[in-house]
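Notes follow once the structure below has been shown.
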Amino acid sequence: MPLYRVALLSFIAVITMVNPLAVVPSFIALTEGASRRARASIALLAGISCVAVLAIFLLAGNYIFKFFGITVPAFQIMGGILFLTNALRILVADDRRAHNGGGEKRMEDHDVEKAEIDPTSIAIVPLAVPMLSGPGAITSVMVLVNLYPEIEQKLAVIVAIAAVGALSYVVLLAALPISRVIGTRGRAVFTKIMSLLLGAIGIQFIINGLRPVIIDIMRAS
């Protein structure tokens, strides 16, 4: 597969789970009262931290698989099921929900209180983890680890992760204008479209995971 396709598919899989647009309302609430420079610093640190977390799981993914004795088809099937169920949940869920694609809650009351005390402390927790690089995003990276095992392919995935971090930074940096322009309905439409792509990716992951299992069963019989 051409590297540009690897990067593109990886970008779609990761950005759908990161879903920075869904973080916009929480970012605005958490940085309420902060200066423009403080918001920019928080957005930059959150984007960099998101890339760092996902890159670590990408590079350490094979060791995690070996340590727990997890096979690639098993994780592909599990990742596909997670992607598909999250996509279906987003497509049928109420637009006012406060959860992201990975299933974690976007904002807690104590986070708002923390932002009022020390705004810069929220860049890594909770913005980068778990709002941006949550369980869903980490799972997508873990699936990509063995879906694209070659060094060149992994570099393409890292480029895609960096692009996700850069886009997340831009979205958070422009959180206030974006919130005014697209509004709640615009964010909902974007999320629905990305969920359709996520569901298709999930089904493909399940097919890829089931294929070697079915072949082994047929050979054994």
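Partner of P126 under the side-chain contact (heavy atoms from CB on, under 4.5 Å) criterion, out of V129, I124, I122: I122 alone. Of the candidates V171, I178, L127, V171 is the only one forming a side-chain contact (heavy atoms from CB on, under 4.5 Å) with P20.
Under the 4.5 Å side-chain heavy-atom criterion for Ile, Leu, Val, Met, Phe, Trp and Tyr, I81 and L88 are members of the same hydrophobic cluster. In this structure, V14 is a member of the same hydrophobic cluster as L59, with clusters built from ILVMFWY side-chain heavy atoms closer than 4.5 Å. Both V143 and F67 sit in one connected hydrophobic cluster of ILVMFWY residues. Membership requires side-chain heavy atoms under 4.5 Å apart, directly or through other members. L8 is connected to V157 through a chain of hydrophobic side-chain contacts under 4.5 Å among Ile, Leu, Val, Met, Phe, Trp and Tyr, so both are in one cluster. Connection of L176 to L44 is not established within any shared hydrophobic cluster, with ILVMFWY side chains joined at heavy-atom distances below 4.5 Å, either directly or through further cluster members.
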Please tabulate, for the side chains in residues 205-214, all donor-acceptor contacts under 3.5 angstrom to protein atoms that are two or more places apart in sequence or on a different chain.
{"from": "N208", "atom 1": "OD1", "to": "Q204", "atom 2": "NE2", "distance (Å)": "3.0"}
{"from": "N208", "atom 1": "ND2", "to": "Q204", "atom 2": "O", "distance (Å)": "3.3"}

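Not one N or O on the side chain of T31 forms a donor-acceptor pair closer than 3.5 Å with the backbone of A34. Within the 3.5 Å criterion, the main-chain N or O of A128 finds a donor-acceptor partner in the side chain of S133.
The shortest heavy-atom contact between A175 and F27 is CB-CD2, 3.6 Å. Scanning both residues, L132 and C50, for their nearest heavy atoms gives CB-SG, 3.9 Å. When every heavy atom of K154 is checked against every heavy atom of V145, the shortest pair comes out as CE-O, 3.8 Å. Here the shortest heavy-atom pairing between A40 and Y169 reads O-CE1, 3.9 Å. Minimum heavy-atom separation, V51 to A162: CG2-CA, 4.1 Å. Contact detail for I161 and L54: the closest heavy-atom pair is CG2-CB, 3.9 Å.
Interatomic distance, S10 OG to L58 CG, rounded to the nearest 0.5 Å: 8.5 Å. Separating the OG1 atom in T139 from the CG atom in L144 is a distance of 10.5 Å, to the nearest 0.5 Å. The OG atom of S140 lies 12.5 Å from the CD1 atom of I12; values are rounded to the nearest 0.5 Å. With rounding to the nearest 0.5 Å, the separation of CD1 in I15 from CG in L21 is 8.5 Å.
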Pair Q153-L3, side-chain contact (heavy atoms from CB on, under 4.5 Å): steps then yes or no: CA-CA 6 Å; Q153 292 176 330; L3 293 181; 4.1 Å; yes
Steps toward side-chain contact (heavy atoms from CB on, under 4.5 Å) verdict (V6, L147): CA-CA 10 Å; V6 173; L147 190 61; over 6 Å; no
Intermediate values then yes/no, side-chain contact (heavy atoms from CB on, under 4.5 Å), L172 and I42: CA-CA 9 Å; L172 294 181; I42 293 171; over 6 Å; no
Would L167 and V18 count as a side-chain contact (heavy atoms from CB on, under 4.5 Å) if you check the C-alpha gap in whole Å, the side-chain angles of each, and the deciding distance to 0.1 Å? CA-CA 10 Å; L167 181 58; V18 172; over 6 Å; no
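Atom CZ of F57 sits in a sparse spot, with 12 or fewer heavy atoms from other residues, nucleotides or ligands closer than 6.0 Å.
For the pair L173/R39, no side-chain contact is recorded, criterion being any heavy-atom separation below 4.5 Å from C-beta on. Two residues are said to be in side-chain contact when any heavy atoms from C-beta on lie closer than 4.5 Å; E150 and L155 fail this criterion.
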